[in-house]
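All ligand and atom numbering here is 1-based and tracks the order in the structure. Here, residue 1 is the first one in the sequence, and each next residue gets the next number.
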Amino acid sequence: MIRTLLVASLIVEAALVIGAPAARAQTVYPIDRADILSGSRFDFKVEFPGMVTPRDVRVTVNGADHATAFGKAAEFVEREDGKDQSALILRDVSLSKPGSYKIEVTDGTRTRQLAWNVYGTSPRKAKNVILFIGDGLSPSHRAAARLLSKGIGEGKSFGKLAIDDMPHMALVATAGTDSIITDSANAASAFATGHKGAVNAMGVYADRTADPFDDPKVETIASLAKRRNGMAIGIVTNTEIEDATPAAMISHTRRRAAYDEIVRQYLAATPDVLMGGGLANFLAKGTPGAKRGDDTDYVAKFREAGYRYVTTAGEMNAVGADPSASKLLGLFAPGNMDGVLDRKFLKGGTVKKNPEQPDLTEQVKVALNVLSKSENGFFLMVESGLIDKYAHVLDMERAVYDTIMLDNAVRQTKEWAVARGNDTLILVVPDHNHPNSLIGTINDDMGSIPNVPLRERVGVYEKAGFPNYPAPDADGYPDRIDVSRRIAIFSASLPDHYETFRPKLDNPNAPTVASDAPNTFKANEQYKDVPGAVLRFGNLPAMINASVHSGEDVILTATGPGSERVAGQIENTDVFRVMVDALGLGSVD
Ligand SMILES: [Zn+2]
């Protein structure tokens, strides 16, 4: 008997540890323990593991039939996706009364219970909310940005980064519904909707059906701010505008790669300011440079919808200075824009092809000019998105320079907010971490023996000393990165690649190339003969061509009305809660 009890309790514990529901129970969306903003819209779905008969199915909300609780009955799907699996789905419902909700689902034999927490908000405190996202910004890049842009003497920084000089700070956990590691889709979606999601999914719970556009939706802050407060919406990035972080602010799909559909959803949502790269998916099939699979010219469609359309910094600044401009579409590159190290100093990447790309600070300035015309305030998301792309390809200098650029954008925005009398909540947060660490310096001048392998010139502890970058310019950038004592940031997740211990002065790093075996990658031989380069065997599967995200908490800093809620250790979904509370978006209709 004792033995039986022990086994039973072990099984219960195992279920708790892996966080999985009991075998073959119904799946319900929103998920168990979801926090739901009162009045926010969501789709309700029950997935039965097998076929069930409608008369055996009962779904209650706090003991009442779901049709009464939601105001309408769910649709019953007998064989979902043509398989022996039934489902109930009910689109576009909401719960206005804050409190605990118990959901009970039964098909006559199996019963599942779950709980939701519906929360309201306090009265509106902030006119505007600005969410800065440093995509994949790790603490190592933050520390290096401080070293390079502020300098350090006898161990003490000569200044603070604007992203650090904020009154409120929290650690933010980033796991999703399917994994301890997020990608930028479900990470940004958690900020935008307050619901956890799955890798590749934005604005939805990823369900079991094949269709990437039928998944149960949850409402985004952009939709809520517009619908409930009549606010203007801005989305600004330096990646493709269809990329996951910007797209998650408005879109609903479980497939982040669905760029054509994301552009269609942008037009339908009509954000007031939309700026970044990614022109190729706005161009009709057959147009030079187009990546769309259909014949629709989305630049023309946005123009018809009243947008001013710009493709260079000069055109953008002219619209920013025009008092009549209220809707702006800026697309400055066919794909991702270039980072600041290439644009201002090295002229690598696509800078020669697209020489008139604006800096993120200029984009933000123009966005603030246009959006602040809104009497009802605005929600603006600004992403420094290439930090992540550079971290993936182990290009640490470029990632650090784009961190400094993010910091400049935050500094000017803080000054803008102070000048207005502090009516704006400003948040700065990475969406997920990268496993990078600042471990010392790389010293060409270490020792007097010639031809010492570069690996032996990695200075750690007291041998690291301090890097010798030139003093930064007015924007915080040293004008040279190929100095003789430079920062050593290494990733803990590696594909096979050549480590050169040197910054890449021509183009961003390309550590891997496709190998002869299908869907696998090998070290890029381009760097093999760089003096001092060593082949580093990776620790990732060969199908992965770059460094990957990591699951540590990220650092959120905040200032302005509502920022006092930022403290301690929180979930990424709580970032949504801080923003909607500042905007009073949970008040009852
Ligand atoms: Zn990434």
Side-chain angles (χ1 to χ4, degrees), residues 131-142 172-176 178-192 196-202 235 237-249 251 253-259 262 276-278 335-339 349 360 381-403 405-406 428-437 489-495 497 508-512 521 538-541 543-555 572 575:
L131 173 65
F132 284 95
I133 298 178
D135 201 306
L137 170 58
S138 60
S140 61
H141 289 142
R142 196 180 190 109
V172 180
T174 63
D178 59 341
S179 171
I180 56 172
I181 308 298
T182 60
D183 73 336
S184 290
N186 62 336
S189 184
F191 298 157
K196 293 277 187 180
V199 168
N200 292 326
M202 308 176 291
I235 300 171
T237 184
N238 58 349
T239 67
E240 296 170 308
I241 196 72
E242 306 88 347
D243 202 5
T245 306
M249 297 302 119
S251 71
T253 175
R254 64 167 302 166
R255 197 168 79 205
R256 60 180 281 179
Y259 276 18
I262 287 165
N336 291 320
M337 294 167 66
D338 289 288
L360 191 68
M381 191 290 296
V382 177
E383 182 197 27
S384 185
L386 301 176
I387 299 169
D388 174 74
K389 315 277 182 207
Y390 293 141
H392 278 296
V393 296
L394 308 170
D395 197 318
M396 303 308 176
E397 285 82 6
R398 281 176 174 80
V400 170
Y401 271 57
D402 273 24
T403 304
M405 179 172 69
L406 169 68
V428 188
V429 66
D431 52 349
H432 55 75
N433 201 42
H434 268 273
N436 294 321
S437 282
I489 297 177
F490 293 123
S491 174
S493 70
L494 297 171
H497 72 290
N509 194 22
T512 59
F521 297 88
N539 56 8
L540 295 173
M543 63 174 289
I544 298 175
N545 66 348
S547 178
V548 296
H549 300 174
S550 63
E552 299 85 7
D553 289 1
V554 294
I555 301 166
N572 52 4
V575 175

Residues T174, N572; criterion side chain to side chain donor-acceptor pair (under 3.5 Å); working and verdict: CA-CA 6 Å; T174 63; N572 52 4; 5.6 Å; no
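The backbone N or O of D402 lies less than 3.5 Å from a partner atom in the side chain of S384, making a donor-acceptor pair.
Side-chain atoms of N238 and N336, non-hydrogen and from C-beta on, never get closer than 4.5 Å to each other.
Because the distance cut-off is set at 2.8 Å, H392 qualifies as a neighbour of the Zn ion (ligand 1) through one of its N, O or S atoms. Taking backbone and side chain together, H432 holds no N, O or S atom under 2.8 Å from the Zn ion (ligand 1).
One finds an angle of 150° at the Zn ion (ligand 1) between NE2 on H549 and OD2 on D388, to the nearest 10 degrees.
Residue L386 holds its CG atom at 11.0 Å from CG of D395, rounded to the nearest 0.5 Å.
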